[in-house]
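What follows is one structure encoded as structure tokens, with my remarks underneath.
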Amino acid sequence: MKSIKTPQDLAINGAAPAFEQPLHVGRPNIGNREAFIKYVEEIFDRDWLTNNGPVAQEFEKRVADYHDVKHCVAMCNGTVALEIAIRALGLEGEVIIPSYTFIATTHALSWQSITPVFADIDPVTHNLDPDAVRSMITPRTTGIIGVHLWGRSAPVEELQAIADERGLKLMFDAAHAFGCSYKGTMVGNFGACEVLSFHATKFFNTFEGGAVLTNNDELADTMRLMRNFGFSGADNVIHPGTNGKMIEVAAAMGMVNLDAIDNVIEANRRNYQAYREGLYGLPGISFLAFDESERNNYQYVVMEVGEECPVTRDQIIQALHAENILARRYFWPGCHNMKPYRELYPHAGLMLTNTEQVAERVVVLPTGTAMNVDMVKAAIRVVRVLLDEKR
Ligand code: T4K
């Protein structure tokens, strides 16, 4: 790896890139391959590939136990899990969500002809601001979907209080929050239900996959019906439904990745701390901190570039990309600025000032088991040298 000491060592100034192969934010973490292949052999031997197979059932039980919650309803991906949860809860009309989230939170509503209404976020936590949520409630509002962005819990108590007071349903998009806790309670136990994603880019993956966690028996039963066309027995359909089932091979990936999860979290934590320490004290550079008294998965290393920084967020991204370090601008520019929603709400930005500001300053840095400390140090050197050059 090249040493990066002066501006001439930077790829944006003509030097060779630090890495030949790109370093991605979403590199999959993969557990023991032999154990996975053994599962696959067993799946072939059983000739049972999907439809609530034995591996999927065992996987559901392990995920529910891990989150200390009664039910895990595993699905083919997080987006379908969101759609099914939304429908099972009977949401309609308008539902309040943050705009500062992955587009799937928003699409899961509009795909079902429900109007997503964007509320602003707290600029410190990046999660929904309860006062902003209150201000967006109308007679058509039926629910709130909080997002535990970056794996840090949304203001669950305040949102629950609003939901109770106004007779609204509350659920959470917990796509980032597998294995995280709030005040010692595991995610999965808040609101009516919470939705996980196991996409390949998530720190815990099943290739593609997702699940709904809930303590509500009736809701779990309804979602189990809905993910399998509403079938109750071979010839009997008792509920409208879709195909949201998790396949056996995906569940097998989940089983081996669950066995490896402590190592992955440790790698994420090590990288997060290395980035924070390595970039400490630079003007305008800060990191979103995790509460060490909670369970965290540290899967997103979120750096913020403030006004005091001598270079812009996009100049930092450009310098990192030139080195093949593919940092991301998640979730710029905010869902309300994406075409389908910009057309719906052309002036939404006026109400979403924190969202717009945060979206302009976030850099998500590569982490996970594919990143070692030397790679992190190289990314740190790039940012340090770039800033020194401009000071
Ligand atoms: N709610 C929230 C809050 C979410 O963040 C998400 C998903 C969902 C709901 C929906 O859950 P799913 O339906 O996806 O289960 C990624 C993921 O595709 C997406 O799952 C995730 N959030 C989002 C935060 O990130 P992108 O736009 O970054 O692009 P993608 O998937 O192309 O991957 C990013 C990079 O990762 C690639 O440039 C290369 C690397 N990569 C990717 C894959 C798929 C690999 O190295 N190997 C791979 O197999 O969306």
Side-chain angles (χ1 to χ4, degrees), residues 69 71 73 75 78-122 127-149 153-177 182 187-197 210-223 225-227 239-240 242 244 335-336 340-341 344-345 348 351-352 355:
V69 65
H71 303 282
V73 185
M75 310 252 186
T79 305
V80 167
L82 275 171
E83 288 169 6
I84 287 181
I86 287 164
R87 204 172 267 261
L89 276 182
L91 298 183
E92 56 186 0
E94 294 175 2
V95 171
I96 299 174
I97 57 170
S99 166
Y100 194 57
T101 178
F102 187 60
I103 196 71
T105 321
T106 314
H107 281 341
L109 290 165
S110 63
W111 198 247
Q112 313 196 59
S113 304
I114 299 168
T115 307
V117 172
F118 300 119
D120 209 2
I121 53 167
D122 176 330
N127 276 318
L128 271 178
D129 169 4
D131 288 336
V133 170
R134 272 182 201 283
S135 72
M136 302 311 282
I137 296 172
T138 75
R140 293 191 71 229
T141 310
T142 61
I144 304 165
I145 304 180
V147 180
H148 303 309
L149 205 79
S153 144
V156 292
E157 287 145 338
E158 291 91 334
L159 294 179
Q160 190 63 62
I162 296 171
D164 292 345
E165 194 184 301
R166 306 297 292 263
L168 304 175
K169 304 265 175 59
L170 173 66
M171 60 174 272
F172 291 96
D173 177 339
H176 299 178
Y182 171 69
V187 155
N189 290 281
F190 301 109
C193 62
E194 307 205 54
V195 176
L196 301 173
S197 162
V212 188
L213 305 179
T214 182
N215 288 310
N216 182 322
D217 298 343
E218 203 182 323
L219 189 62
D221 287 347
T222 304
M223 290 188 295
L225 283 171
M226 289 174 110
R227 77 171 168 189
H239 203 286
T242 183
C335 294
H336 68 286
Y341 305 104
L344 191 63
Y345 304 117
M351 305 281 287
L352 299 169
T355 300

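Remember, it's a predicted structure, so these values are computed and weren't measured experimentally.
- Residues Met171 and Thr214 fail the side-chain proximity criterion, which asks for heavy atoms closer than 4.5 Å.
- The side-chain heavy atoms of Asn216 and Cys193, taken from C-beta on, include no pair separated by under 4.5 Å.
- Taken from CG in Asp221 to NE2 in His239, the straight-line distance is 10.5 Å, to the nearest 0.5 Å.
- Taking NZ from Lys169 and CG from Leu89, the interatomic distance works out to 6.0 Å, rounded to the nearest 0.5 Å.
- The distance from the CG atom of Leu352 to the CG atom of Asp129 is 11.0 Å, given to the nearest 0.5 Å.
- Ring centroid separation for the pair His107 and Tyr341 comes in under the 6.0 Å cut-off.
- Smallest separation of non-hydrogen atoms from Val73 and Met75: O-CG, 3.6 Å.
- Here the closest non-hydrogen pair linking Leu159 and Leu170 is C-CD2, 3.8 Å.
- In this structure, Ser113 OG and Glu92 CD are separated by 11.5 Å, a value rounded to the nearest 0.5 Å.
- Between the Asn215 side chain and the Asn189 main chain, no donor and acceptor come within less than 3.5 Å of each other.
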Item to check | Glu83 vs Val80, side-chain contact (heavy atoms from CB on, under 4.5 Å): CA-CA, chis, key distance, verdict | outcome: CA-CA 5 Å; Glu83 288 169 6; Val80 167; 4.3 Å; yes
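- You'll find the side chain of Tyr100 reaches within 4.5 Å of the side chain of Leu149, heavy atoms only.
- Between the His71 side chain and the Leu213 main chain, no donor and acceptor come within less than 3.5 Å of each other.
- We find the CD1-CG distance between Ile145 and Leu82 to be 6.5 Å, quoted to the nearest 0.5 Å.
- Shown here for His336 and Ser99, the closest heavy-atom pair between the two residues is ND1-OG, 2.7 Å.
- At distances below 3.5 Å, not a single donor-acceptor pair connects side-chain atoms of Asn127 with backbone N or O atoms of Pro155.
- Nearest heavy atoms, Ile96 versus Ala119: CG2-CB, 3.7 Å.
- Taking 4.5 Å as the limit, every side-chain heavy atom of Asp173 sits out of range of all side-chain heavy atoms of Ile97.
- Between Phe102 and Val147 the shortest side-chain heavy-atom distance does not fall below 4.5 Å.
- The two atoms that bring Ala174 and Leu196 nearest to each other are O-CD2, 3.4 Å, heavy atoms only.
- For Met351, the CE atom is loosely surrounded, since the number of other residues' heavy atoms within 6.0 Å does not exceed 12.
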Item to check | Check against side-chain contact (heavy atoms from CB on, under 4.5 Å), Ile144 and Ile162 | outcome: CA-CA 9 Å; Ile144 304 165; Ile162 296 171; 4.1 Å; yes
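- The side-chain heavy atoms of Thr355 and Pro98, taken from C-beta on, include no pair separated by under 4.5 Å.
- More than 12 heavy atoms of other residues, nucleotides or ligands sit less than 6.0 Å from atom CD of Glu165.
- With hydrogens and angles ignored, the 3.5 Å screen pairs no side-chain donor or acceptor of Thr242 with any backbone N or O of Gly244.
- Leu91 approaches Ile114 most closely through the heavy-atom pair O-CD1, 3.3 Å.
- The side-chain heavy atoms of Thr115 and Tyr345, taken from C-beta on, include a pair separated by under 4.5 Å.
- Here the OH-NE2 distance, from Tyr182 to His148, works out to 10.5 Å after rounding to the nearest 0.5 Å.
- Inter-residue side-chain proximity for Ile86 and Gln112 is flagged as met; some heavy-atom pair is nearer than 4.5 Å.
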